[in-house]
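Data first, discussion second: the structure below is written as structure tokens.
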Amino acid sequence: MTVITRFAPSPTGMLHIGGARTALFNWCYAKKTGGKFLLRIEDTDKERSTKEAIEAIFRDLKWLGLDWDGDATVYQSARAARHAEVAHELVKRGRAYFCYCTPEELEAMKAEAQAKGEQPRYNRMWRDRNPSEAPAGVKPVIRIKAPIDGDTVIEDAVQGRVTVPNSQLDDFILLRSDGSPTYMHAVVVDDADMGITHVIRGDDHLNNAFRQKIIFDAMGWPVPVFGHVPLIHGADGAKLSKRHGAQSVGEFKDMGYLPEAVCNYLLRLGWSHGDDELFTKEQAAEWFDVNDINAGPSRLDMKKLDHVNTHYMRLADDTRLAEEVITRNSLKIDETHKARLLAGIHDLKSRAATLVQLTSEAKFYLVDEVAYDEKAAAALNDHDAHHAMHHIYDALARLGADFTETAIDTACRHIAEHVYAGKLAKVMMPLRAAICGTTTSPPLFKAMEILGQAEVMKRLKAALHWMHDHGHHHH
RNA sequence: GUUCCCUUCGUCUAGAGGCCUAGGACACGUCCCUUUCACGGAUGUAACACGGGUUCGAAUCCCGUAGGGAACGCCA
């Protein structure tokens with residue numbers, strides 16, 4: 001039997017991080033078993049479904065590298081006729097029936113149940129009643145004949161055996177009075193028609209699984225293997241929501257996380273293969289088993305995501321990262337800037353946790369005039385610094401064609417040795433501030449070599465002017 | 001309210017009755033390296049929710065309790 005899994009998002013919003021993980025699990029399982037991974041858009045809620053959301057789902061899945069099989073994506077809304085057909089077939093087989101209750105009657109039923117402290121449930125008044133007794137002018141719905149006695153049991157691949165007494169399940173609606181299918185019904189018909197063998201989804205659907213099994217059974221269709229994955233929570237343990245910051249894949253992308261890092265992190269959240277921490281989704285697919293998904297919920301830990309991302313930043317190709325930096329910048333960038341950036345990116349990428357950080361730390365390669373941040377300004381606004389800067393300027397000017405990392409290093413250490421009793425920091429602090437406008441940077445001498453002598457001397461001169469204008473230069 | 005699910009360091013987790021003095025990763029502390037910040041290396045703090053069973057032996061099996069979550073629509 002070929003394994004067929006699916007991801008079935010409803011396009012009512014952006015692709016959620018939890019949804020992405022579900023997709024990842026389904027993708028991995030299909031890959032592992034040599035099966036298929038299908039995509040179905042559950043757009044039966046016409047009020048809330050949007051074209052933008054559908055496109056965002058495609059975009060984000062592709063960004064994550066999750067390719068789906070099948071000639072075309074299945075749109076649930078396009079299958080309404082088939083859903084209705086199955087519902088009527090069920091009536092014909094005596095497994096479902098028309099119900100002519102009005103919304104008012106249902107409301108009364110609910111109120112009565114609540115008054116008695118019971119769960120609001122349909123009282124099955126039309127289950128065995130002859131349709132000839134139907135009131136005129138009421139369009140019926142179709143309800144399933146749910147079993148009345150016994151238990152319904154699901155062997156869940158994640159949660160284990162789950163049993164619910166049938167007394168808890170009522171005759172829920174399959175087809176609305178306007179002829180449209182309910183979600184519960186549409187899902188089953190689609191999963192059956194698509195040949196889905198394994199349903200891996202959020203555990204908010206665990207309760208639905210019982211109801212869905214009833215439909216599968218009524219049609220005599222094989223019930224797929226269910227695996228209900230616990231939801232991802234925020235750092236405080238509450239359900240992920242807007243106040244936790246990012247929750248959609250697009251937001252993680254904007255925050256500068258690499259797709260391979262997001263995949264790795266998400267896969268490791270709630271699933272494990274021993275102590276393995278860093279792996280590609282292809283590697284995970286080889287290891288993957290639904291049984292290894294954890295039954296308990298997990299929390300999003302941005303610090304750990306940062307760590308995973310740091311790992312993949314280092315592995316990432318220089319050109320790719322340079323392009324990311326350029327597109328994330330609003331600066332006017334020419335060929336000289338690009339060449340500097342490409343030469344400097346290697347040292348830069350091992351220091352940044354995200355593309356956003358990388359972009360910010362690469363900025364000094366891309367500007368023509370350095371702006372000093374607060375700490376850099378403080379470092380320059382200093383008597384010794386001004387003194388040192390003159391020494392540096394003179395020494396570097398003498399370097400001429402030998403403006404290499406090594407030569408610069410030697411020159412700076414020479415100054416430190418002879419003027420500052422060997423304290424190299426006395427030279428480095430103002431120099432870094434002048435070149436980068438910050439108090440942190442990648443290895444500075446190398447960066448200076450990349451910038452080139454002309455650019456460096458220009459920046460040193462600018463720093464000297466700045467120091468002059470800011471007064472603390474009496475020596 | 002009813003039903004269902006969950007519970008190992010702060011977080012993600014390993015763990016399938018003896019391999020557990022409970023392991024790894026992130027975070028945090030200390031030290032080393034160092035031109036800064038990182039990285040890296042070393043090292044340390046830190047958990048089986050609670051209470052009963054079963055067993056020679058329980059993080060692991062069973063039952064309760066507490067806490068957390070989910071579902072109960074002519075929403076998906």
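What you see below is based on every heavy atom in this structure, not just the backbone, and it leaves out hydrogens, waters and symmetry mates. In what follows, chains are A, B, ... by sequence order, proteins preceding strands, each numbered from 1.
Open room surrounds NZ on A:K363; 12 or fewer heavy atoms of other groups in view lie less than 6.0 Å from it.
Base-pair partner of B:rC56: B:rG18 (Watson-Crick or G-U wobble, both distances under 3.5 Å). Nucleotide B:rC37: unpaired (no Watson-Crick or G-U wobble partner with both distances less than 3.5 Å). Applying the Watson-Crick and G-U wobble criteria (two distances, each under 3.5 Å), B:rA42 pairs with B:rU30. Nucleotide B:rC4 forms a Watson-Crick or G-U wobble pair with B:rG69, both donor-acceptor distances falling under 3.5 Å. Using the Watson-Crick or G-U wobble rule with both distances under 3.5 Å, B:rG51 pairs with B:rC63.
In this structure, A:D204 places its CG atom 21 Å from P of B:rU3, rounding to the nearest Å. As rounded to whole Å, 10 Å separates atom C1' of B:rC74 from atom CG of A:L175. Rounded to an integer number of Å, the gap from A:D43 CG to B:rA76 C1' is 11 Å.
For the pair A:N291 and A:T310, nearest-nucleotide mapping onto RNA chain B gives the more 5' position to A:N291. Heavy-atom distances to RNA chain B give each of A:N294 and A:T44 a nearest nucleotide, and the one nearer the 5′ end belongs to A:N294.
Taking the six-membered ring where the residue is Trp, the centroids of A:F279 and A:W271 are separated by under 6.0 Å.
Taking 4.0 angstrom as the limit, A:S272 places a side-chain polar atom (N or O) nearer than this to OP1 or OP2 of B:rA14. Side-chain N/O atoms of A:R48 include none lying less than 4.0 angstrom from OP1 or OP2 on B:rC75. The phosphate of B:rU3 has neither OP1 nor OP2 within less than 4.0 Å of any side-chain N or O from A:N166. OP1 or OP2 of B:rC75 has at least one side-chain nitrogen or oxygen of A:R176 nearer than 4.0 Å. Note on A:S298: a side-chain N or O is less than 4.0 Å away from OP1 or OP2 of B:rU13. Note on A:T182: every side-chain N or O is 4.0 Å or more away from OP1 and OP2 of B:rC74.
No side-chain donor-acceptor contact under 3.5 Å links A:Y100 to the backbone of A:G137.
Checked options A:R6, A:R79, A:R40; the residue passing with A:D193 is A:R79 (criterion: salt bridge (Lys or Arg N to Asp or Glu O under 4.0 Å)).
Across all strands shown, A:G160 has no heavy atoms under 4.0 Å from either base or sugar-phosphate atoms.
You won't find any donor-acceptor pair under 3.5 Å spanning the side chain of A:S350 and the base of B:rC39, going by distance alone. A donor N or O paired with an acceptor N or O is found under 3.5 Å between the base of B:rU35 and the side-chain atoms of A:R432.
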